[in-house]
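Please read the structure below before turning to the comments.
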There are 2 protein chains.
Amino acid sequence: MAQTRAATIEDVAREAGVSRAAVSKVIRNAYGVSPAMRERVTAAIEALDYRPRVAARAMRGSSFTLGIEMPHIGNPFFTKIVAGANAALAGTDYQLIIAPADVDGEEGVRAIGALADRQVDGIVAISPLVSPDWLERLAGRVPVVMLGRHDRSTAYDTVTGDDAEGTRLVMEHLFELGHRRIVHLTRSEEVTRPGSGNPHAIRLEQYLAHMRAAGFADDIRVVRTGLDEEAARLDTLALLDERVPTAIFVGNDELAFGALRALSEHGLSSAEVSVVGYDDVDIASYPAISLTSVNQAGEAMGERAIRLLLERIEGRTEPIHFSVEPSLKVRNSTRPAPAEPTG
Amino acid sequence: MAQTRAATIEDVAREAGVSRAAVSKVIRNAYGVSPAMRERVTAAIEALDYRPRVAARAMRGSSFTLGIEMPHIGNPFFTKIVAGANAALAGTDYQLIIAPADVDGEEGVRAIGALADRQVDGIVAISPLVSPDWLERLAGRVPVVMLGRHDRSTAYDTVTGDDAEGTRLVMEHLFELGHRRIVHLTRSEEVTRPGSGNPHAIRLEQYLAHMRAAGFADDIRVVRTGLDEEAARLDTLALLDERVPTAIFVGNDELAFGALRALSEHGLSSAEVSVVGYDDVDIASYPAISLTSVNQAGEAMGERAIRLLLERIEGRTEPIHFSVEPSLKVRNSTRPAPAEPTG
DNA sequence: ATGAAAGCGCTAACAT
DNA sequence: ATGTTAGCGCTTTCAT
């Protein structure tokens, strides 16, 4: 079985008896091809099973590829975003590729850089740990939309949730139930650096503000953890060994599941410690779980991010900042357990 | 802010006062560069912040990109595989890109094709719905490893779980508990076509065989569904309206969660209908869920797939077929409920 | 409407 | 050890 070399535009041109330029025009639907020519070329393409090499196209024009950088592929909220992004691309010539980072810090830069090196026509970056400067420079070369982070720039578009509002919803809900010993379980200090615009930074900041405003400054307790469920489980376990709060507000659902697991390992039920998450991932609504959480339309965010990219590719230059409204899904959270009856 | 064009190998060569070939050799760690030269070139690369364009490299040699095609990005088992794959790539020059298909049928071919068009140096395809012929042709051009499907070929490597053994574990477990009215909830007929080698095809085939061998041929009941939790929920709901089985063996955990959700909506507890899944996804072990499931080391599979690809790139030509052993995680499954006491 | 030809940024023979 | 040079498969002026 001879390993036949894949057909090139040259082969198609020869087969159809036309020039390479003509073939190129046909595959790009460019202006200036007669119906007759189009037909012959199309037939030749069929016959030879020709597929344009993306690398060669990318050298001159576009790669018809959009990249999305994800901090952590295990987080269902991110996969929701991807599902939305993918849906927005259905029927277009573009293909979505995902570059997973899966480690805190520098990995995000690496992944985004890898995307840029592959000459994608646009990049959506999910709350990466990079400086606005770095991002602006990148956005100068290729359209970029930042998803999640709140810092703005005229160089790139943003799609965000209203994290201040989401956190307000959570805190007021817990206050109304009567909680005051509320722990906030969140990511590393690097991630939540004040002013970074990172969603977790805002949630933390607002947690602090609401605790103080409610007069619970003395009950403020921030616990740091990593980026996956297992890290959250371990850090919650450590927390519980010290002092058991009445409620835990967790930075996102994936981490909340780790906290819930720790609670259960510690013999604590959700009636004893209320847990509230963020993202309203599918399993959160699962009857046996029933996690109270802040919903933000992930699919819509992903879809919107892609649209913004496509518009930039079409030529738009003024930045657009899109925001989705969060809503609180109240589920298992309850009033704090009354103090142990004495004697 | 002048939009300065990114540095090319030419710029680096000029800056370092050497030839392009020299720079090329340095970035590829190729043979034949003096330490002095290497140093000057490295300095120039730093100074100009040079990054090789992948498209240009791909036109001559390799793209240093490995692609993975995923049927459905929402399935946590697949993301486990990706995590393993990504881990195997850490420290190498290769970057992983994911092409999500997210729809049954033709989409898999599209996604794999898109990967090939992008000249990736290797492709791992997760149980795609394509003919062995098509795959062999592809494998002739680029290293391929099929993950999940059991059909073999000398053209490509495979990484599989032992689905016959996994299913045996499930069925014997259910038989031992005393079940005989066991429904099998699985994917479409297209996916489970006999002889396709698809994992779901094997699980179905073995379900049928074990039911017959146990003398329960009359209780065989196969229900078809789509590829996500929601589809499974709907189809299970329909099933329950007809006749309630004592146990449901579901093709994978994601679908099992849909079935569990339907059960709970129908007011049925897991004590009344035992559900067994496949893949032992993280949440399956979650206390409030506690889904009995077949474990197959997803990370290990992803990691192995990448290794096989890398070996092929290094020049290996004999095919390797790697299999991982499944084990049953027994959790919530119970004996069938005794018949309703009469009067 | 069509074609000829230059060139995108690399790598790999091949010289030196 | 280092440099020269010929392409890889496309897109895109620019002629015709």
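In the text below, chain A, chain B and the rest are named by the order of the sequence lines, each starting its count at 1.
- Protein atom CG of A:Asp117 is 16 Å distant from nucleotide atom C1' of C:dC8, rounded to whole Å.
- Between A:Tyr50 and D:dC10 there is a side-chain polar atom (N or O) within less than 4.0 angstrom of OP1 or OP2.
- With D:dG3, D:dC10, D:dA1 as the candidates, the nucleotide lying closest to the side chain of B:Ser34 is D:dA1.
- Regarding B:Arg14, its CZ atom lies at a distance of 14 Å from the P atom of D:dG3, rounded to whole Å.
- Between D:dT12 and A:Arg28, a contact under 4.0 Å exists linking OP1 or OP2 to a side-chain N or O.
- Listed nucleotides: D:dT11, C:dA13, D:dA1. Nearest to the side chain of A:Ile27: D:dT11.
- Here C:dG9 is the nucleotide among D:dC10, C:dG9, D:dG3 with the atom lying nearest to any side-chain atom of B:Ala56.
- The side chain of A:Arg20 has C:dG7 as its nearest neighbour among C:dC10, C:dC8, C:dG7.
- Listed nucleotides: C:dG7, C:dA12, D:dT2. Nearest to the side chain of A:Arg60: C:dG7.
- Between D:dG3, D:dT11, D:dG9, one nucleotide has an atom nearer to the side chain of A:Met59 than all others, and that is D:dG9.
- Proximity of B:Ser24 to the phosphate of C:dC10: no side-chain N or O atom is located under 4.0 Å from OP1 or OP2.
- Contact annotation for A:Ala22: backbone-only contact, meaning every heavy-atom pair under 4.0 Å involves sugar-phosphate atoms and none involves a base.
- Between the CG atom of B:Asp121 and the C1' atom of C:dT11 there is a distance of 14 Å, given to the nearest Å.
- The side chain of A:Ile9 lies closest to D:dC10, out of C:dG3, C:dG9, D:dC10.
- A:Lys25 has its NZ atom 11 Å from the C1' atom of D:dT11, to the nearest Å.
- Counting any heavy atom pair closer than 4.0 Å across all strands shown, A:Thr8 reaches sugar-phosphate atoms only and no base atom.
- Taking 4.0 angstrom as the limit, B:Arg57 places none of its side-chain polar atoms (N or O) nearer than this to OP1 or OP2 of C:dC10.
- Across all their heavy atoms, B:Arg38 and B:Val33 have their closest contact at NH1-CG2, 3.4 Å.
- Regarding A:Ile45, its CD1 atom lies at a distance of 16 Å from the P atom of D:dG9, rounded to whole Å.
- Looking at A:Glu303 and A:Arg307, a side-chain N of the basic residue comes within less than 4.0 Å of a carboxylate O on the acidic one, giving a salt bridge.
- Annotation: of the two residues near DNA chain C, A:Gly32 and B:Arg53, the 5′-most nearest-nucleotide partner is A:Gly32.
- Taking 4.0 Å as the cut-off between side-chain N and carboxylate O, B:Arg312 and B:Asp157 count as a salt-bridged pair.
- Exactly one of A:Asp121, A:Ile97, A:Asn86, A:Val120 qualifies for a side-chain contact (heavy atoms from CB on, under 4.5 Å) with A:Leu66. That residue is A:Asp121.
- Rounded to whole Å, the distance from CZ on A:Arg38 to C1' on C:dT2 is 14 Å.
- Side-chain contact check for B:Asn198 and B:Ser127: no donor-acceptor pair (N or O, by modelled atom type) lies under 3.5 Å.
- B:Ser19 has no side-chain polar atom (N or O) that falls below the 4.0 Å cut-off from OP1 or OP2 of D:dT4.
- Atom CD of B:Gln119 and atom P of C:dG9 are 17 Å apart (whole Å).
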**OP:** Check step by step if side chain to side chain donor-acceptor pair (under 3.5 Å) holds for B:Ser153 and B:Glu136.
**Re:** CA-CA 8 Å; B:Ser153 157; B:Glu136 289 210 355; 2.8 Å; yes
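- A straight line from CZ of A:Arg5 to P of D:dG7 spans 14 Å, rounded to a whole angstrom.
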